[in-house]
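Note sheet for the following structure.
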Amino acid sequence: FYQFTPPRPHIRPLKSCSFPDASKIGNVGPWSVNQLFEHTALPGNADLLLIAWMILSWMPDRKQVLLELLGAPSASLERSSALIKNVLDPSAEDFHNEVPANVKQWNDLAHRHFLLSFNQVDAVPPTQQRHLFALMRGKQVPWVWNDRKVGVDITVQCPVMLSALESVVTEPKLANATLSVEVEEDDHPR
């Protein structure tokens with residue numbers, strides 16, 4: 001099912017790649033979803049939750065939810081993260097290995113990426129968790145063009161995914177907006 005709507009002005013993040021067919025933005029070929037669940041170590045009982053999270057991530061008028069993939073660092077965890085990211089957000093960059101330290105870095109990241117994805121996060125301080133939550137819910141940030149502010153604010157809202165050994169979320173607001181999935185430790189896809 002494809003829903004055709006009239007064109008709406010939007011800004012595509014700098015690092016996001018084009019979808020194969022611009023008339024079907026937000027619609028993913030079934031082959032990529034099949035790969036996601038057949039060739040990863042994601043638990044079988046999480047399929048529906050992950051699909052719901054991905055659909056929610058494509059809906060800019062809805063409150064976003066943080067996806068935490070929990071498990072020991074492994075090739076299967078990284079492959080699972082990479083496939084989810086590729087299905088949700090074809091991008092020129094895979095993961096961010098460091099969580100931004102200040103508001104400017106968060107805003108810069110939101111300008112460049114649709115999906116904020118962090119790999120093997122050890123900890124996220126409370127201040128950074130609040131910035132993360134603000135970006136998930138929609139935040140006014142100054143629009144920057146050619147490294148200069150243009151005097152206009154835009155609203156950015158980003159879905160977020162991270163992988164970690166164990167949950168790094170401690171702030172109550174963010175904890176209530178987090179979906180945690182434990183990735184199987186073996187390297188054998190189901």
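Positions are given from 1, in the same order as the sequence printed here. Side-chain atoms are counted along with the backbone in the values below, which use heavy atoms only and exclude waters and symmetry mates. Note that the structure is a prediction, hence the values are computed from the model and not measured.
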Report task. Grab the two heavy atoms, one from Ala72 and one from Leu77, that are nearest each other, plus how far apart they are. Result -> O-CD2, 3.7 Å

Query raised in the report: Do Thr155 and Gln140 have side-chain atoms, one donor and one acceptor, less than 3.5 Å apart?
Result: yes

Query raised in the report: Does the side chain of Trp106 reach to within under 4.5 Å of the side chain of Leu116, using non-hydrogen atoms?
Result: yes

Query raised in the report: Is the side chain of Trp58 donor-acceptor paired with the backbone N or O of Leu88 at a distance under 3.5 Å, no angle test?
Result: yes

Query - Interatomic distance, Leu50 atom CG to Met161 atom CE [nearest 0.5 angstrom] - result: 10.0 Å

Query raised in the report: Is the backbone of Ser180 close enough, under 3.5 Å, to the side chain of Glu182 for a donor and an acceptor to pair up by distance?
Result: no

Report task. Calculate, to the nearest 0.5 Å, the distance between atoms CD1 and CZ belonging to Ile55 and Arg62 respectively. Result -> 12.0 Å

Report summary line: To the nearest 0.5 Å, atom CG of Leu174 lies from atom NE2 of His131 at 12.5 Å

Query raised in the report: When you measure from the side chain of Gln105 to the backbone N and O of Ala101, does any donor-acceptor pair fall under 3.5 Å?
Result: yes

Query - Single-linkage hydrophobic cluster, 4.5 Å side-chain cutoff, Leu179 and Leu165 together - result: no

Query raised in the report: So which heavy atom on Val156 is nearest to which on Ala110, and how close?
Result: CG2-CB, 3.9 Å

Query raised in the report: Should Asn107 and Lys139 count as side-chain neighbours, where that means a heavy-atom distance under 4.5 Å?
Result: yes

Query raised in the report: Would you say Gln120 has more than 12 foreign heavy atoms packed within less than 6.0 Å of its CD?
Result: yes

Report task. Report the C-alpha separation of Asn176 and Phe133 in whole Å, then their side-chain angles, then the decisive distance to 0.1 Å, and conclude whether the side chain to side chain contact (heavy atoms under 4.5 Å, CB included) test is met. Result -> CA-CA 10 Å; Asn176 288 335; Phe133 184 76; over 6 Å; no

Query raised in the report: Is there a donor-acceptor contact under 3.5 Å from the side chain of Gln129 to the main chain of Val124?
Result: yes

Query - Side-chain heavy atoms of Pro43 within contact of Val181, under 4.5 Å - result: yes

Query raised in the report: Any chance CD of Glu166 has more than 12 other-residue heavy atoms, nucleotides or ligands included, within less than 6.0 Å?
Result: no

Query raised in the report: With no hydrogens and no angle check, is any side-chain donor or acceptor of Glu68 less than 3.5 Å from a backbone partner on Ala164?
Result: no

Query raised in the report: Within a strict 4.5 Å, meaning less than it, do heavy atoms of the Leu42 and Ile84 side chains meet?
Result: yes

Query raised in the report: Mind checking whether Leu70 and Val169 sit in one hydrophobic cluster, side chains of I, L, V, M, F, W, Y counted as touching below 4.5 Å?
Result: no

Query - Donor-acceptor under 3.5 Å (Trp53 side chain, Val65 main chain) - result: yes

Report summary line: Smallest heavy-atom separation, His113 atom then Cys158 atom, equals O-SG, 4.0 Å

Query raised in the report: Can any side-chain N or O of Gln157 pair as donor or acceptor with the backbone N or O of Met136 at less than 3.5 Å?
Result: yes

Requested in this report: Check whether any side-chain heavy atom of Ser81 lies under 4.5 Å from a side-chain heavy atom of Glu78, and answer yes or no.
Outcome: no

Query raised in the report: Is the His111 ring parallel, tilted or perpendicular to the Trp143 ring (thresholds 30°, 60°)?
Result: tilted

Query raised in the report: When hydrophobic residues are tied together by side-chain contacts of less than 4.5 Å, even through go-betweens, does Val103 share a cluster with Leu135?
Result: no

Query raised in the report: In terms of hydrophobic clusters joined by side-chain contacts under 4.5 Å, are Phe114 and Ile51 together?
Result: yes

Requested in this report: Taking the side chain as every heavy atom from C-beta outward, state whether Leu162 and Ser117 have any pair of such atoms under 4.5 Å apart.
Outcome: no

Query raised in the report: Honestly curious: do Leu83 and Leu49 fall in one hydrophobic cluster under the side-chain, below-4.5 Å linking rule?
Result: yes

**Report entry** Close side-chain approach of Val160 and Gln64, heavy atoms under 4.5 Å
**Finding:** no

Query - Salt-bridge contact Asp108-Arg112 (side-chain N to carboxylate O under 4.0 Å) - result: no

Requested in this report: State which residues pass side chain to side chain donor-acceptor pair (under 3.5 Å) with Gln128; sequence neighbours excluded, sorted by chain then number.
Outcome: none

